[in-house]
Structures are given as C-alpha cells and as structure tokens.
Amino acid sequence: EFPRMEISLSDVTLEEIYENGKEIKYLGNNVIFTDGDKKEEYEDVEIKGRGNATWAQIKKPLQIKFRQKVDLLGLGPRKKWILLANYADWTNLRTDTAFYIEKMVGEKYAYRGDFVELFVNDDYQGLYYLTRGIEVGKNAVDLRDPYGVLVELDNVYGQAEELYYVTGNGEHLTVKDSVDEDSVAIAMEDFVANFNALEKAVRDRDYNVINELIDVESFAEYYLIEELTLNTDAYFTSQYFYKDGLNDKIHAGPAWDFDISLNNYRRGQDNDPAMPFTP
C-alpha cells in the first residue's frame, strides 16, 4: 500500500488550476498525508502547476509548499515539494531508477523520491512521484558562497526565460537558482566565461585546461547516469550544473527528468521529428 496524499482545494478546482496555467499560486489549501499508521494534517498549503512538456500532458505535475518545513517519507525537511506525474512513463520507474543510479555512483547532491497516491477534493488522481525540486538549499543543492549558482542547459525552453545566455557552441544556459539574487549577474558572467572556455578546451582536447575548469569526477558520474539510462534529453534539456563561487570549478548534476529515457521515445512518427513513446 502506497502512502496517501489528500489535497482539499480552497476556492478553486483542479480543472481551473489546469486551465489557468502553471504560474498561478493558490493559497489556503489543506493537505492530509497518511503513511501507514501515521497521519499528518497541514493547513494553508500553497498549490501551483509546474513543468514544461509535462504540463501539456493530461496528467499534470504539481508543486506544493507548506508554511513550515516538513519531512515526508524520510526525504528530509523542506517547505516545497514536487509531485511528478510521470504521464509519459507508464512504468513510473524511470526517474526513480535514475535517482537510484545517481546515488549509487556517488553524485554529491543526488536526489531521492518516493511514490504516493494522490487525491484532490476526494477524486483519485493516480500514482505520483514525490520529490524535491531542483533548487539551492539544504536537502537540495547546498551552495553556500554568495556567488553560488545553479544553471540549467536547456535548448528547448531556455529562450522562453526572461534571462538566458548562449555559449559559443550555441547551448542555452539559464539560471535555475542562486545563493544571492543580487549576485546572479556576476555569478553568471563568470559561469558562462568558464563554460565557453570549457567548450574550447574540449574542441582543442586540452585536458589540462579541462581539469582546471571542471570537477571531472562529477562529470564522469553524470555521464554514467545518462549512458545507463539512454537519456534522450542528455546535454539537450534538463541538464544541470552548479558552481559554488567564482573560484569553484563547474560541477555536473543533479540528475533530473528521465520519463522518456530507457527507450521510452520514438522518432519520425506522424512526421514529427521527436515524439514521446505512448505504450
């Protein structure tokens, strides 16, 4: 039996949340979380949609934010939690498997999650994957330097962001999160300069410079995750890097978004160059 999350919405329906878009935050909701004999109730919970391609699916992911930090399923205390719908992955196992591999190979900020059955206003929504979002903070990517920054390489949705950067090789980088919002401009200027230098060093096969610029071990670990899961999104979208200050190296990770990995993808169908596989 899976843990159970029951959300009681206040002055809004789930259909309205879906129709109004993922950016709107809805306050004053209640959540009951049941895990075996343990039952906890939470008031004034914030609910909103999330995701990019996954937000366009019938079964949509959600973000919930509690007033105080709560530890659900032993995943660590935090206010903000993500409910991944895994609509494209009918096994529901791909992201969890990738997270397990990430932990196994030793990625520093490897994520974990677990499954819950979700009910909204007493209506069963199916099996969801509960985890934390990609962000800076304890029980997440724990950066400490004022110029610490978490960066996403996103060649699909990156240009839609208010602020994005294009590298010499044409990769789109966006700010996912940072330690100090006032220091982001300088942190990203430094990050992009280092990333451009990395691209040149790779082209030149200058391994001494590569070693100076990146945490090689983290890149090797991340490569193993992408390779073992046959991740279609690898170095294309949902690819994360971080740098904890101007004097730090670029680190790869954490891993995220594996619902169309492990051959859960097909190309050239219905004249669409890229289409998720539907079982």
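What's counted below: heavy atoms across the whole structure, side chains too, no hydrogens, waters or symmetry copies.
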Between the side chains of [X] and [Y], does any donor sit under 3.5 Å from an acceptor?
| X | Y | value |
| --- | --- | --- |
| Tyr111 | Asn139 | no |
| Glu41 | Asn30 | no |
| Asn29 | Ser10 | no |
| Thr91 | Asp89 | yes |
| Asn231 | Ser261 | no |
| Thr167 | Glu199 | yes |

How far apart are the C-alpha atoms of Asp177 and Val141, what are their side-chain angles, what is the distance that settles it, and do they pass the side-chain contact (heavy atoms from CB on, under 4.5 Å) test? CA-CA 9 Å; Asp177 202 1; Val141 183; over 6 Å; no

Taking the six-membered ring for Trp, are Tyr109 and Tyr242 ring centroids under 6.0 Å apart?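 Under 6.0 Å, so yes.
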
Going only through I, L, V, M, F, W and Y residues with side-chain contacts under 4.5 Å, is there a path from [X] to [Y]?
| X | Y | result |
| --- | --- | --- |
| Val179 | Leu173 | no |
| Val31 | Leu27 | no |
| Leu246 | Val192 | no |
| Tyr222 | Ile210 | no |
| Leu73 | Leu83 | yes |

[atom1]-[atom2] distance between [X] and [Y], expressed to the nearest 0.5 angstrom:
| X | Y | atom1 | atom2 | result |
| --- | --- | --- | --- | --- |
| Tyr240 | Trp256 | OH | CH2 | 7.5 Å |
| Leu262 | Leu93 | CG | CG | 10.0 Å |
| Glu15 | Asn20 | CD | CG | 11.0 Å |
| Thr97 | Phe99 | OG1 | CZ | 10.5 Å |
| Ser218 | Glu107 | OG | CD | 6.0 Å |
| Leu213 | Asn208 | CG | CG | 11.0 Å |

Is the closest side-chain heavy-atom distance between [X] and [Y] below 4.5 Å?
| X | Y | answer |
| --- | --- | --- |
| Lys22 | Arg50 | no |
| Leu118 | Ile7 | yes |
| Val175 | Val149 | yes |
| Ile82 | Leu130 | no |
| His172 | Gln159 | yes |
| Glu16 | Leu9 | no |
| Thr13 | Val120 | no |

Test side-chain contact (heavy atoms from CB on, under 4.5 Å) on Thr34 and Glu40; report intermediate values, then the result. CA-CA 6 Å; Thr34 305; Glu40 300 285 346; over 6 Å; no

Is the number of heavy atoms from other residues, nucleotides or ligands under 6.0 Å of [X] [atom1] greater than 12?
| X | atom1 | value |
| --- | --- | --- |
| Tyr18 | OH | yes |
| Asp11 | CG | no |
| Tyr147 | OH | no |
| Lys59 | NZ | yes |
| Arg203 | CZ | yes |

What's the shortest heavy-atom distance between Trp55 and Ile17, and which atoms?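 Closest approach of Trp55 to Ile17: CZ2-O, 3.8 Å.
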
Tell me if a side-chain donor or acceptor on [X] pairs with a main-chain N or O of [Y] at a distance below 3.5 Å.
| X | Y | answer |
| --- | --- | --- |
| Thr229 | Ala98 | no |
| Lys69 | Lys79 | no |
| Asn121 | Asp123 | no |
| Asp259 | Ala88 | no |
| Asn155 | Thr237 | no |

Does the side chain to side chain donor-acceptor pair (under 3.5 Å) test come out yes or no for Ser238 and Asp233, once each step is laid out? CA-CA 7 Å; Ser238 296; Asp233 286 340; 5.0 Å; no

With sequence neighbours left out, what residues match Phe236 under ring-ring contact (aromatic ring centres under 6.0 Å, His included)?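 Checked Phe236 against ring-ring contact (aromatic ring centres under 6.0 Å, His included); zero matches.
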
Test ring pair (Phe, Tyr, Trp, His ring centres under 6.0 Å) on Tyr157 and Tyr164 and set out the steps. CA-CA 10 Å; Tyr157 301 99; Tyr164 67 90; over 10 Å; no

Sequence neighbours excluded, which residues qualify as salt bridge (charged side-chain N to carboxylate O under 4.0 Å, His left out) partners of [X]?
| X | value |
| --- | --- |
| Lys80 | Glu135 |
| Arg67 | none |
| Asp71 | none |

Using side-chain contact (heavy atoms from CB on, under 4.5 Å), reason through Glu171 and Tyr235 one step at a time and then give a plain yes or no. CA-CA 9 Å; Glu171 312 297 346; Tyr235 208 70; 3.5 Å; yes

Determine, step by step, whether Leu150 and Ile134 satisfy the side-chain contact (heavy atoms from CB on, under 4.5 Å) criterion, reporting the C-alpha distance in whole Å, the side-chain angles of both residues, the deciding distance to 0.1 Å, and the verdict. CA-CA 9 Å; Leu150 176 61; Ile134 298 288; 3.5 Å; yes

Can Lys60 be said to sit on top of Tyr87's aromatic six-ring, NZ or CZ under 6.0 Å from centre and within 45° of the ring axis?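 That pair does not qualify as a cation-pi contact.
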
Partners passing side chain to side chain contact (heavy atoms under 4.5 Å, CB included) against Val70 (at least two apart in sequence or in another chain):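 Partners of Val70 under the side chain to side chain contact (heavy atoms under 4.5 Å, CB included) test: Tyr42, Phe66, Gln68, Leu72, Trp81.
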
How are the rings of Phe119 and Tyr124 set relative to one another: parallel (under 30°), tilted (30 to 60°) or perpendicular (over 60°)?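 Ring orientation, 0 to 90° scale: tilted.
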
Apply ring pair (Phe, Tyr, Trp, His ring centres under 6.0 Å) to residues Tyr165 and Phe195 and explain how you reach the verdict. CA-CA 11 Å; Tyr165 305 79; Phe195 206 91; over 10 Å; no

Residue that, paired with Tyr129, satisfies side chain to side chain donor-acceptor pair (under 3.5 Å) out of Asp114, Asp96, Asn86, Thr95: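 Filter result, single survivor: Asp96.
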
Which pairs count as side chain to side chain donor-acceptor pair (under 3.5 Å) when at least one residue sits in residues 243-254, sequence neighbours excluded?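 As it turns out, the side chain to side chain donor-acceptor pair (under 3.5 Å) pairs with a partner in residues 243-254, which skip direct neighbours, are Asp190-Lys243, Asp215-His251, Asp248-His251.
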
Output yes when Glu46 and Lys48 qualify as a salt bridge under the 4.0 Å nitrogen-oxygen rule, no when they do not.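 Answer for the salt bridge query: no.
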
